Amino acid sequence: MVRSWDAALERAQERLAAGPRLREAEDERRFARWDLASLVEGELGEPVDPDGLAPPVERAWRERLGESGREWPGGELYRRRYWVLDADGAVAGTVAVDNWTQGRGQLAVSSLYLRPGARGAGLAAGVLDAVYAAAAAEGLPGFRLEAHWSWQQAVRYYLRRGLWVVGWKRALSFARMPQLPPYRVREEHGRLLLLVEDPRRGWVPILAAGAEGGRLRLDETAEYRGADGWVHGYARSTLALHLALAGRPLVRGPQWWAEAWRWADVGEPEGLAYKIEHFERLAREAGRPLASPYRPVPAQQPAEPPQPAATPRPVEPPRQPVTPRQPVTPQQAATPQRAEPPRQASAGRLADSTDG
């Protein structure tokens, strides 16, 4: 049994460093240029040769990227960085793993990047499998990583690899965990079905998403209602991202859209629609190129989260009547009547909504 996440994480890092396809990156400046190439391609859609970035060109790209292009010296203090090697032992890409865990003790993966000529050979899949194997060997519950919505190529790749969608607070969060079984999404009769693997029954459908009148229709199966908490928690968010990438509706109606902000971190499909519109608005404001399959909701803007109720002004208590035949003491006259407490504005949660 793991007693310390830090000790287990350190052993997992050593396993990765000893693997045949990873090598620790000691050249911090070179790694930073490869990281920059990943950002330029992801945010601006322009592939560049990381080893061909002369200092003036590197500065120009960083200025164009703004805050996201800022270099953080001393990165080895919070994560360990690795070169991804091809079959000949040449550097083909990068990956990094944080020196502390995220979520429920998972390894945090970042900077997964392959130069364009090294793609399609299974190198990225091998890296993710190696990270998962290292975590499992040390009793850690898998890994998680993030990708921006605008990085469509990466987002689609992570879904093809079967990663579950576990959040969208600041970016899209993906995870592979032993608590979550393999899943598939397939189209059937115009609907997208989410199926999970059952050891005895094979692939079992748990959610089905279709469209009615331009709105989402989301149906649950008995297997979904009987699923454990992990599957129950992340199935809807995972199917939601598949729907978004297919350009399908994410909103079931005005009442759901008005409540979309409730799932701004993870959960119902409406929450993902709410965040995608936020992500795309930020990208447009930053002048980023945006090729999105998402179809904006043709309805009113979602309601803003309710503001805290204003503190009520104190009410003067009514004075007790005093009559000559029933005198009262000073203490009785000073005793106020009990006032009704102010009612808090209630915000009801939809009955069949699920947090992820």
Side-chain angles (χ1 to χ4, degrees), residues 25 27-73 75 78-79 81-84 86 91-96 98 108-121 123-125 127-128 144-161 163 165 167-174 241 244-247 272-296:
D27 187 340
E28 185 173 341
R29 285 294 305 126
R30 187 185 182 194
F31 193 95
R33 290 192 296 271
W34 282 67
D35 240 1
L36 176 62
S38 174
L39 290 169
V40 170
E41 183 175 353
E43 295 194 25
L44 303 176
E46 301 186 32
V48 298
D49 176 12
D51 284 333
L53 290 172
V57 177
E58 179 182 352
R59 285 195 299 270
W61 282 121
R62 292 193 185 279
E63 290 174 3
R64 185 174 171 186
L65 286 167
E67 181 64 22
S68 63
R70 180 180 177 185
E71 186 177 359
W72 298 92
Y78 67 92
R79 62 179 187 164
R81 299 161 301 174
Y82 303 93
W83 297 117
V84 180
D86 63 17
V91 172
T94 60
V95 70
D98 283 6
V109 178
S110 60
S111 295
L112 180 57
Y113 168 76
L114 294 176
R115 57 179 175 79
R119 296 169 191 172
L123 294 178
V127 169
L128 294 179
R144 66 169 57 200
L145 53 81
E146 291 187 343
H148 293 289
W149 162 252
S150 59
W151 297 19
Q152 290 285 300
Q153 186 176 0
V155 170
R156 293 176 185 274
Y157 174 75
Y158 294 141
L159 289 184
R160 289 198 304 272
R161 290 296 305 164
L163 302 187
V165 180
W168 45 63
K169 185 173 183 178
R170 288 175 292 272
L172 299 173
S173 296
F174 301 86
L241 185 53
L245 292 173
L272 178 59
Y274 179 77
K275 288 310 288 280
I276 288 177
E277 297 203 356
H278 172 70
F279 294 149
E280 294 191 350
R281 183 169 59 253
L282 294 179
R284 287 191 295 269
E285 291 173 354
R288 300 288 192 259
L290 188 63
S292 172
Y294 172 72
R295 295 185 298 175

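These numbers come from a predicted model, not from an experiment.
For the residue pair P296 and E277, the shortest heavy atom distance occurs at CA-OE2, 3.5 Å. Here the closest heavy-atom approach between residue A25 and residue F31 is recorded as CB-CD1, 3.6 Å. Here the closest non-hydrogen pair linking R79 and A96 is NH1-CB, 3.4 Å. Looking at every heavy atom in both residues, P293 comes nearest to A244 through CG-O, 3.6 Å. Here the closest heavy-atom approach between residue V155 and residue A147 is recorded as CG2-CB, 4.1 Å.
Paired with Y294 under the rule side chain to side chain contact (heavy atoms under 4.5 Å, CB included), one option of L245, I276, L272 passes, and it is I276.
In this structure, CG on L163 lies 11.0 Å from CG on L241, to the nearest 0.5 angstrom. One finds the CZ atom of R170 at 11.0 Å from the NE2 atom of H148 (value rounded to the nearest 0.5 Å). For the atom pair F279 CZ and S292 OG, the distance stands at 12.0 Å (nearest 0.5 Å). For the atom pair CZ of R33 and CD of E28, the computed distance is 11.5 Å after rounding to the nearest 0.5 Å. Distance check, rounded to the nearest 0.5 Å: CD of Q153 to OH of Y158 gives 10.0 Å.
Looking at heavy atoms from C-beta onward, V165 lies in side-chain contact with F174 at the 4.5 angstrom threshold. Side-chain contact between E46 and P289 is absent, with no heavy atoms from C-beta onward closer than 4.5 Å. The shortest distance between side-chain heavy atoms of E43 and S68 falls below 4.5 Å. Between R288 and L44, some side-chain heavy-atom pair lies under the 4.5 Å cut-off. Contact check for V95 versus L128: no side-chain heavy atoms found under the 4.5 Å cut-off. Residues V48 and V57 are not in side-chain contact: their nearest non-hydrogen atoms beyond the backbone lie 4.5 Å or more apart. Here the side chains of L39 and Y113 are not in contact, with every heavy-atom distance at 4.5 Å or above.
Side chain of R115 to main chain of P50: no donor-acceptor pair is present (N/O by atom type, distance under 3.5 Å, no hydrogens or angles).
Under a cut-off of 6.0 angstrom, the local environment of CZ in R284 is crowded, with over 12 non-hydrogen atoms contributed by other residues, nucleotides or ligands.
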For the pair S111 and R81, evaluate side chain to side chain donor-acceptor pair (under 3.5 Å) and give the outcome as yes or no after the intermediate values. CA-CA 9 Å; S111 295; R81 299 161 301 174; over 6 Å; no

Chi angles and distances behind the salt bridge (charged side-chain N to carboxylate O under 4.0 Å, His left out) call for E58, R62: CA-CA 6 Å; E58 179 182 352; R62 292 193 185 279; 3.1 Å; yes

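In this structure, W34 has its ring center under 6.0 Å from that of W83.
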